[in-house]
Amino acid sequence: MINLSIDPIGPARMRYRKKLDKARKKEIKRLRYAQLLAIKKGKLVPVRIPIYHIPKIKYGPWAPSVGTGLGEEGEKVFPSTGEGGSGREGGTMPIDAIYGEELGKKELIAWMKEELELEFLKPAKTQLREKLKYPAISKRGDASLLDLDETIEAMIERQVTEKKLKPETKMKIKIEEEDLRYRFPKITYKTDRDAILIFIRDVSGSITPQELELSYALSLLIQLWLEECYPRVEMVYIAHNAEAWEDTEYNYYRLRSGGGTAFIPTYTIIRAMFEGKDYPRKTPRRRKITPDTVDIYVVQMTDGENTYSEREEAINVVGLLLNHVTRFCYLEERSSGYGTFATKLKEKFPIDKLRLARAINMEEIWDAMRKFFGRKTG
Amino acid sequence: MIKVFIRGMVDEDLTKIARDIGSFVEKKYKLTFPGVRFHILDIEELSSIVATSGWASFPQHWSLGQDYLIQRRAHQLGDWRIFELVVDSGSTSKKKEPVEAYIYAGNRLTDIKLVMAHVFGHAHEFENNWRLKKSKLEAPTGQFFKFQSRIREIESKVGVEEVEELIDSAYSLFNLIDLYPTKRIKKKPLPPSPLETDEERRKRLMKKTEKRGKKEDLPKHREYDILQFLFKNGELLAPWEREVLEIHYKIAKFLSPIRITQILNEGFAALVDYRYGAEAHLPIGEVFDYMKHRTASLFQKRQRQRSVGVNPYALGFALLTYIMEKWGAGQFGFEYEGESCALSRIPQDIDWEKGWDKVLEVVATNTDYTLIDTYFTFEFWNRIGRNLFTYSGESWEPKDWVIEKRDFQTVKNVLLFRTYNGGSPRIYIPKGGGNHNNKGELYLVHDTEGFEDLLQPKRVADPRTGLIPTPEEKVPAPFITQLTLDPEETVETLKEIYSIWRRSVHLETINIGGKKIIMSISDGKTVNTELKEKTYDYYEDEFIFLIGGTKQGR
């Protein structure tokens, strides 16, 4: 919505981004940051915007300038008691530095790909899909393939050549056998590269709101990355505490925590999807997955505290699932180390399909992404 | 001719309000201005207009996108806000063109009214200040449109990237423009006498061609306008490059004087809207809103113990009110200065009209430098509370900055230093500097004369790298002259100048030890520095010779 009749900047915005991209590729040393201060949750937080610096001749920092305020001669202007004005702090906030600029989806994905060295996922299973086309017209065929427009056109042409069509007389519609025209079908095969992304989210009583936010953020990032790699991605949302159910996207991210913790009901739901049986759900339709034709990614986000009695069974069930699944990502939301379930799982199935990660706050999400989808380095 | 545009159309209520304010201000405060066109914008458009410094059709460059982003983010995060932007689009011809003003739409009605009064103050300045009148253009909006379309044509013929590289170099030379141009009367050569013999004629023409070949006088006098010199005399430039540089030189020349009249401008406009708020009999609620708005911008942001930089609104406002009181009470002149009794210095029976006349006169005849020179007196220093200090540091990190002095004379000197050329150093090309070494090399000199009164060399404990003397040079004890240039930036700028001149470029300046050095660049990538005069202990050796002693004895 523009009030002025001309937009004074228009093409300059794209040129600015291109210039930054060029400078990053060629590693020109003129990239700097402009720092703005924002107040977030009571603290002054520096927000950085990348800048291409234009050099100008100016006096050095030894030239004096004027300031206002108290202080004696010989004191520092900004004493280091924490109220450091616009001083730069050591890089503790890489995330803010990135979000300082306008980040669209594409830039976030590109940054993730570069920084975290994510591997582009190649579809393992493909499925042929039939598609019918009618590219040609022939004189023989089934009655259901009759093309009426073409037959009438052929009839008109025949009447014109036999000089039966005159401008004074009315046109008589008389279709003969040699006028009939039929559509000629042709079948083409298209390869489908689909993926199904199954989220398993723990909403038991032991989960704090922080961990709920964590799982929300991570699920969004994984969804972004998969949509980049696959043309079609379907999302399945499974939530569980002592029981498990499938939920809609709208409700999934608005769940509150409460109840016990049990993993096996979630795996039975997935098996039910494979076999076509019904399972407890809050969605309108039952879902059926044929595991041989699509790539399946399972992402489980818990805090790892399920009951002792079901641990062995759960590990066996996961083993059964792993045959059909392309990748099983398991995230534990605790500050250090892995729980017993996770360590036993990894001992029994030390394969690349099963990937573990651990995170407790937002900054460790990036490491988790790297472990799940990054390149293996040895 | 006052109009208010919102969403591209004239808004009648606001136009009426604007015309009321305009007529009030014109009659009561004796302001003169051509018409004003207000545009009320939202945050996106305001940021884009601020990036182009107020011109709707500006030659497109990536730095506009960068400035737009910074402005918008700062506004959203609450770091700083811009309320209004006024551009000098009035012209010098008889048919006066109106001044364009852009106002932020997020304010309430009281704020918009006061911003309009503020804008009228700016419009009066553009019309009356001698320095701003001197550099006016004919129909500036049309000129900028021509520039934009011409550069688009060149881009379509030559290519966007090449033009962009050239404009980048031009932007880095924007502050190398003469802000104090002097008119030179060209000496016309005497016409040849009709009694000239053939031989004399041959000799005269030979001299002329020799002179042209040698190019001794390129330039004839000192040139402070480096950008203009580059595009006029750069031999290895293509015609389209000359045109692009000429366009940017004109833009820079037109926009540059605003830098040296900033304190005056802002102080006067703040004073106008302050008076309007106090005297226009606004309803009581509006007066309170107005007081909040005005005090917030007159004081330093984020009141902490200290902050760097001087708020031009605060300083200008304080100076002009001081002038108003003094001249209103008749307390100026020789007799007044001679009075020693402090009681008689308190202004009484102030005649505000006389004071206001003096303020209008000051606004019309001063720039920042002359304002501070004449009116920043010891009396004024006492009145504003001696709150200012000077500081400097060894690096650009704020942690290293140290308060130096708090006395009146140093603060005034530093303020003069910072307002003399808009805060950037003066660099010139000496006579014959365009043909240095007779090979067409460019020689630049950093002007350090005349600053001895303002700045003193100071002693410092540990030297730093950069423009530092090497250990082989003899320097008595390390001391800093505060006029040295920033090492990284000068190196980068020399590369930009080389990319335009395409032959060797030399810059003569001083290093931290106080010695003259020459920085030269000949291949576009590396910059070598050398001492200008090799040290030679001439007098020492002579003394030894006279006495007959040896060097070891010393």
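Every chain is numbered from 1, with letters handed out A, B, ... down the list of sequences. On a predicted model such as this, the values are computed, not experimentally measured, just so you know.
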> Under a 4.5 Å heavy-atom cut-off, does chain B meet the side chain of Lys19(A), its backbone, both or neither?
Replying inline: side chain
> With a 4.5 angstrom heavy-atom cut-off, which part of Ala51(B) approaches chain A: side chain, backbone, both or neither?
Replying inline: side chain
> In terms of heavy-atom proximity below 4.5 Å to chain A, should Val160(B) be classed as side chain, backbone, both, or neither?
Replying inline: side chain
>> Going by side chain to side chain donor-acceptor pair (under 3.5 Å), name the residues that satisfy it together with Glu489(B), two or more places apart in sequence or in a different chain.
In response: His53(A)
> Taking the six-membered ring of Trp62(B), is the NZ or CZ of Lys22(A) close enough (under 6.0 Å from the centre) and on axis enough (within 45°)?
Replying inline: no
> Has the side chain of Asn175(B) got a donor or acceptor atom that lies under 3.5 Å from a matching backbone atom of Ile57(A)?
Replying inline: yes
> Checking Glu488(B) against chain A: side chain, backbone, both or neither under 4.5 Å from a heavy atom?
Replying inline: side chain
> Heavy-atom distance under 4.5 Å to chain A: side chain of Gln148(B), backbone, both or neither?
Replying inline: neither
>> Restricting to non-hydrogen atoms, name the atom on Ile54(A) and the atom on Tyr171(B) that form the minimum distance, rounded to 0.1 Å.
In response: CD1-CB, 4.0 Å
> Which heavy-atom pair separates Val77(A) from Tyr391(B) by the least distance, and what is that distance?
Replying inline: CG2-CB, 3.9 Å
> Would a distance-only check, ignoring hydrogens and angles, find a side-chain to backbone donor-acceptor pair under 3.5 Å from Gln60(B) to Pro8(A)?
Replying inline: yes
>> Is Leu173(B) in contact with chain A via its backbone, its side chain, both, or neither, using a 4.5 Å heavy-atom distance?
In response: neither
>> Under 4.5 Å from any heavy atom of chain A, what part of Arg418(B) do you find: side chain, backbone, both or neither?
In response: side chain
> What is the distance from atom CD of Glu161(B) to atom CZ of Arg15(A), rounded to the nearest 0.5 Å?
Replying inline: 10.5 Å
>> Taking side chain as everything from C-beta outward and backbone as N, CA, C, O, which of these in Thr52(B) sits under 4.5 Å from a heavy atom of chain A? Side chain, backbone, both or neither.
In response: side chain
>> Between Phe417(B) and chain A, with a heavy-atom cut-off of 4.5 Å, which part of the residue counts as in contact: side chain, backbone, both or neither?
In response: side chain
